[in-house]
Amino acid sequence: MLDINYDISKDGIPEIRMWGIDDNGNRVVVIDRTFRPYFYAVPEKGVETQSVVSKIKKLEPKYKILNVEVVSKKFYGKPIDVIKITCQIPTIVPNLREAVKKLPGIKDVLEADIRFYMRYMIDKDVYPSTWHIADVEEIEVPEKWRIDKVYVLKGDLRRSDETTVPPLRVLAFDIECYNKFGTPKPERDPVIVISVMTNNGDKKVFTADGKNDASAIKGFTEFLNKYDPDVIVGYNCNGFDWPYLLERCKALKLKLSVARSGAQPATSVYGHISIIGRANVDLYDFAEDIYEVKVKTLENIAEYLGVKKKNERILIPGIDIYKYWDDPAKRETLIRYAIDDVESILGLADKFLPFAIQLSSIVGLPLDQVGSASVGYRVEWHLMRQAYKFNELVPNRVERPYRPYRGAIVLKPKPGLHENIAVLDFSSLYPNIMISKNISPDTYVPPYEKVDPSKVNIAPEVGHRFLKEPPGFYKKVLERLLKFRKMIKEQMKKLDPTSIEYTILYERQRAIKVIANATYGYCGWVGARWYKREVAEATTAWGRKTIRETIELAKKMGLRVIYGDTDSIFIKYDKDKVKRFIEEVNKKLGLEIKPDKIYIRVFFTEAKKRYCGLLSDGRIDVVGLEAIRGDWTELAKEVQEEIIKIVLTKKDPAPAVKYVHEVIEKLRGKEIPMDKLIIWKSITKKLSEYEVSAAHVVAARKLLAAGYSLTVGDKIGYVIVKRPGGRLADKAEPYVFVKDMDELDIDYYIKKQIIPVAIRILGYFGISENQLLAGRRQASLFDFFG
DNA sequence: GCCTTGAAGTTACCG
DNA sequence: ACCGGTAACTTCAAGGCG
């Protein structure tokens with residue numbers, strides 16, 4: 001199943017349409033006309049249910065109610081009788097819900113905000129991106145539908161345990177717009193290039209005829225429908241390409257008929273754009289998870305993933321695109337650039353789609369939505385799916401005040417170089433704690449309730465109590481996930497790691513891990529339906545207890561603890577002792593602790609969450625330090641990384657000092673390219689909301705004034721130039737405006753970029769700032785007096 | 001008016 | 001629109017001094 005939607009048929013009946021592929025490779029639709037929308041009403045305590053039922057029934061003529069009945073459900077684990085109200089069409093639900101809410105004797109309505117097609121999938125146990133077996137009857141393909149066969153569901157619809165992924169037709173696309181007047185505006189600026197590539201290797205470029213882009217858009221639409229992709233991929237296509245094309249079509253009075261239903265793309269939930277019958281996947285959503293890449297442009301992500309090297313492709317600054325269009329001699333370059341882009345996008349699809357498909361099948365959100373849904377919503381859909389299986393009602397989303405609670409413990413590290421250090425950590429600490437202590441909103445016992453102390457687990461420090469029996473919602477859900485993952489990992493062992501089957505299972509277990517690990521964070525999120533602060537608070541409290549006891553045990557066994565954070569401890573790697581220690585922890589705490597990595601040498605400063613280490617295979621790990629942060633210049637990061645390498649392998653700061661001298665020399669000699677001197681920082685809110693003029697905000701305002709379009713989340717690249725003014729912000733200039741290296745404030749780069757990152761490491765070895773600066777003959781005296 | 005100090009604002013990281 | 005814990009930088013206003 002690729003996609004699902006619903007429509008109202010001519011006879012006024014809601015019709016679920018499931019778009020997919022059958023086992024013969026036909027593109028098919030399975031229609032179910034038998035399902036109807038419903039929601040629940042909760043009667044107030046002490047009110048006679050039947051009287052409420054009859055009151056609801058009186059609303060029948062106005063709202064086309066089909067059925068009102070009392071059903072037995074559970075709410076937070078407690079049995080409850082609620083009134084199930086079924087009506088004819090989904091669009092009535094919001095009004096009917098309000099009307100029911102107003103009736104006397106009604107406490108609340110539940111599950112009235114679940115979209116009709118999601119309701120269908122939950123109730124019928126239908127999962128997108130998986131196989132199903134359906135008893136069907138074929139009907140004629142409606143006019144305008146781009147599909148091989150259409151069926152009406154006649155009997156059973158059930159899941160198949162087949163986990164293969166059928167051959168999918170994937171189409172990548174990208175558009176370039178005319179931007180001579182700044183950020184392109186669809187009502188004014190044409191789409192000048194549309195590049196397309198399909199996974200059977202076809203490439204095609206549609207170009208405007210001068211400023212006339214109607215034929216390009218038509219050509220693109222025709223090409224798309226001819227290839228008939230199951231999956232359409234773009235890079236930020238939900239944020240730019242589709243909205244632009246749609247607006248442009250509006251201006252040109254064209255119809256962008258690309259859906260399998262013949263419809264146009266339409267804005268849907270979580271800011272994604274839905275193309276009926278196909279999965280429109282924005283790969284940018286998945287690129288956001290690659291934290292190693294700080295500036296997440298298509299080129300950078302493609303480079304990182306080994307899809308396309310930057311030096312093997314055309315790069316054009318976005319702002320200059322129109323110049324390449326206006327100049328006939330340069331136009332070919334622009335077209336080559338557009339092709340490079342779609343090639344990269346299709347390459348990214350290869351990397352991301354296997355995971356996206358598995359995530360969709362685990363969470364139960366359609367493939368085109370699962371990427372754009374936030375982590376919180378992904379977890380929530382997973383929970384809602386499970387809740388139905390337990391006959392549990394889904395709580396409403398309510399606004400609540402934010403109240404902070406204590407989190408994990410971070411140990412002060414022992415500064416310096418340490419040899420032979422093992423890092424042990426608890427596997428899935430929080431999920432396992434929630435399971436073993438049965439922590440859940442439905443097992444929580446509020447302070448005013450009397451309960452036999454032997455029947456509850458009491459959280460340390462905070463005192464929250466949770467029933468030991470029966471198993472709570474979170475426990476059941478997490479236990480299933482962890483078991484599921486374990487089973488998949490077992491299956492993987494039997495497979496060739498280079499096989500497709502292996503990749504599918506690998507991505508599947510990864511999707512499960514992501515959801516399981518995010519569930520703790522979810523329950524402490526005020527926006528969560530199943531929010532319960534005490535649940536989150538108790539989980540971290542038990543986590544603190546666990547790590548404290550682990551540290552105690554290590555010390556008792558004569559193992560020096562160098563550092564620890566949340567669920568990990570760093571100890572001297574004494575093979576036998578560590579082995580016994582692991583056994584002890586597993587036995588005494590009932591939680592599994594495992595060696596994560598062994599460092600030949602590891603280095604700490606006084607700071608928590610920042611260290612670096614040398615692994616046995618020669619790799620170097622950098623954690624938390626500037627070298628891996630996105631808000632330092634490339635130069636500073638390179639310098640620190642090199643210093644770390646020297647110090648960890650040679651145990652001697654002297655060559656590192658020499659190296660710093662050389663870099664400073666080069667910098668003064670203007671031998672460092674400007675690229676390496678750009679500072680990148682995100683805009684996290686509207687520019688007007690900033691209270692202080694930070695450098696990147698000032699730079700962003702300048703970009704805005706020059707006609708650039710900026711949105712929250714954009715990274716601003718700026719450099720520091722020589723200019724009078726007390727504040728650093730006064731010296732910040734967007735790098736795109738700086739043409740000459742001579743404008744740069746080299747002193748800033750030495751004192752505020754190179755020196756701090758170098759001192760962070762070398763300071764521990766007794767090196768001073770002056771020693772780093774004093775490398776050069778001329779500089780030493782100057783700096784001394786300066 | 002200048003310099004120091006510390007709180008507040010801000011970003012990006014760890015697990 | 002998943003959590004809290006943390007480091008580090010810059011800005012900015014208050015306070016001290018002359």
Side-chain angles (χ1 to χ4, degrees), chain A residues 270-271 291-292 294-295 372-383 397 399-400 402-413 423 425-430 434 514-533 535-537 539-541 543-544 547 563-570 596 604-611 621-632 636-637 679-685 689-698 700 712-713 715-716 720 725-732 748 751-753 756-757 759-760:
Chain A
Y270 318 120
Y291 66 96
E292 290 94 337
K294 315 294 175 179
V295 183
S372 43
S374 70
V375 176
Y377 288 118
R378 290 177 195 170
V379 171
E380 192 153 274
W381 278 112
H382 172 251
L383 291 174
R397 201 179 293 290
E399 260 195 79
R400 344 176 141 80
Y402 164 77
R403 267 179 69 195
Y405 63 90
R406 273 181 74 194
I409 287 179
V410 188
L411 297 189
K412 263 198 194 139
V423 184
D425 62 18
F426 287 98
S427 2
S428 307
L429 180 66
Y430 287 168
M434 294 172 89
V514 165
I515 296 302
N517 284 346
T519 303
Y520 146 73
Y522 168 83
C523 76
W525 170 43
V526 286
R529 290 175 188 268
W530 277 281
Y531 168 80
K532 192 81 193 157
R533 204 188 89 262
V535 166
E537 198 170 33
T539 305
T540 58
R544 292 193 295 275
I547 199 72
Y563 177 64
D565 183 351
T566 311
D567 60 353
S568 70
I569 65 164
F570 291 53
D596 179 30
F604 282 95
T605 64
E606 279 89 25
K608 297 171 175 181
K609 296 190 183 276
R610 317 187 118 213
Y611 57 91
D621 246 0
V622 182
V623 181
L625 292 162
E626 288 82 354
I628 55 148
R629 289 183 63 101
D631 53 354
W632 286 78
K637 290 161 63 166
I679 301 162
W680 295 92
K681 273 201 172 88
S682 305
I683 291 292
T684 60
K685 51 189 166 191
E689 286 168 7
Y690 278 93
E691 298 187 40
V692 291
S693 313
H696 70 298
V697 178
V698 172
V712 173
K715 284 242 197 271
I716 309 297
I720 301 302
R727 299 182 315 181
L728 182 65
D730 299 320
K731 304 203 225 181
Y748 165 82
K751 291 214 173 94
K752 298 290 180 176
Q753 290 282 330
V757 304
I759 280 295
R760 192 91 55 228

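The structure presented is a predicted model; accordingly, all values stated were derived computationally and were not measured. Heavy-atom basis, side chains included; hydrogens, waters and symmetry copies ignored. Numbers restart at 1 for each chain; the letters A, B, ... are given by sequence-line order, proteins then strands.
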Could you check how far CG of A:D631 sits from C1' of C:dA7, rounded to whole Å?
11 Å

Taking any heavy-atom pair under 4.0 Å as a contact, classify A:G407: base, sugar-phosphate, or nothing.
sugar-phosphate

Which part of the nucleic acid, if any, lies within contact of A:V526, taking any heavy atom under 4.0 Å across all strands shown: a base, the sugar-phosphate backbone alone, or nothing?
nothing

Contact class for A:R406 (heavy atom, under 4.0 Å): base, sugar-phosphate, or nothing?
sugar-phosphate

Any base atoms under 4.0 Å from A:A536, or only sugar-phosphate, or nothing? Heavy atoms, all strands.
nothing

Protein-to-nucleotide contact annotation, 5' to 3' order, nucleotides 9-18 of chain C [B base; S sugar-phosphate only; - none; under 4.0 Å, heavy atom]
SSSS------

C:dC2 phosphate, OP1 or OP2: any side-chain N/O from A:S374 under 4.0 angstrom?
yes

My understanding is that only residues two or more places apart in sequence, or in another chain, count here; which of them pass side-chain contact (heavy atoms from CB on, under 4.5 Å) with A:K532?
A:P441, A:Y444, A:E534, A:V535

side-chain contact (heavy atoms from CB on, under 4.5 Å) partners for A:R397, two or more places apart
A:Y377, A:E380, A:W525, A:R529

Regarding A:Y611, tell me which of base, sugar-phosphate or nothing describes its non-hydrogen contacts under 4.0 Å with the strands shown.
sugar-phosphate

Atom-pair distance (OH on A:Y430; P on C:dC3), nearest Å
14 Å

Would you mind classifying the nucleic acid contact of A:K715 as base, sugar-phosphate or nothing, using non-hydrogen atoms under 4.0 angstrom?
sugar-phosphate

Kindly write out the residues that satisfy salt bridge (Lys or Arg N to Asp or Glu O under 4.0 Å) with A:D596, not counting sequence neighbours, or none if the list is empty.
none

Does A:A536 have any side-chain contact (heavy atoms from CB on, under 4.5 Å) partners at least two apart in sequence or in another chain, and if so, which?
A:Y405, A:Y520, A:C523

Can you measure A:Y520 atom OH to C:dG5 atom C1' for me and round it to whole angstrom units?
10 Å

Just to be sure I understand the rule, does A:Y402 reach a base, reach only the sugar-phosphate, or reach nothing, if contact means heavy atoms closer than 4.0 Å?
sugar-phosphate

Is a side-chain N or O of A:R406 found less than 3.5 angstrom from the main chain of A:E537, in a donor-acceptor match?
no

Contacted region of DNA chain B by chain A, from 5' end to 3' end of the hits, cut-off under 4.0 Å to heavy atoms, spans B:dG9 to B:dG15

Tell me every residue that passes salt bridge (Lys or Arg N to Asp or Glu O under 4.0 Å) with A:K609, counting only those two or more places apart in sequence or in another chain.
A:D565

Got a sec, which residues hit side-chain contact (heavy atoms from CB on, under 4.5 Å) with A:K412, two or more places apart in sequence or on another chain?
A:K608

What integer distance in Å separates A:D567:CG from C:dC3:P?
19 Å

Mind checking if A:K731 touches a base, just sugar-phosphate, or nothing, with heavy atoms under 4.0 Å?
nothing

Between P of C:dA8 and NZ of A:K751, the distance in whole Å:
21 Å

What is the separation between atom CD on A:E380 and atom P on C:dC2, rounded to the nearest whole Å?
11 Å

Just checking A:Y291: base, sugar-phosphate only, or nothing, at a heavy-atom cut-off of under 4.0 Å?
nothing

With sugar-phosphate meaning primed atoms plus P, OP1 and OP2, does A:G376 contact a base, only sugar-phosphate, or nothing at under 4.0 Å between heavy atoms?
sugar-phosphate

Need one value for A:I628: base, sugar-phosphate or nothing, where a base atom within 4.0 Å counts as base even if backbone is also close, heavy atoms only.
sugar-phosphate

Report which part of the nucleic acid A:S568 touches: base, sugar-phosphate, or nothing (heavy-atom distance under 4.0 Å, all strands).
nothing

Residues which pass side chain to side chain donor-acceptor pair (under 3.5 Å) with A:S682, listed by chain and number, not counting sequence neighbours
A:K715

A:L728 and A:Y748, any side-chain heavy atoms less than 4.5 Å apart:
yes

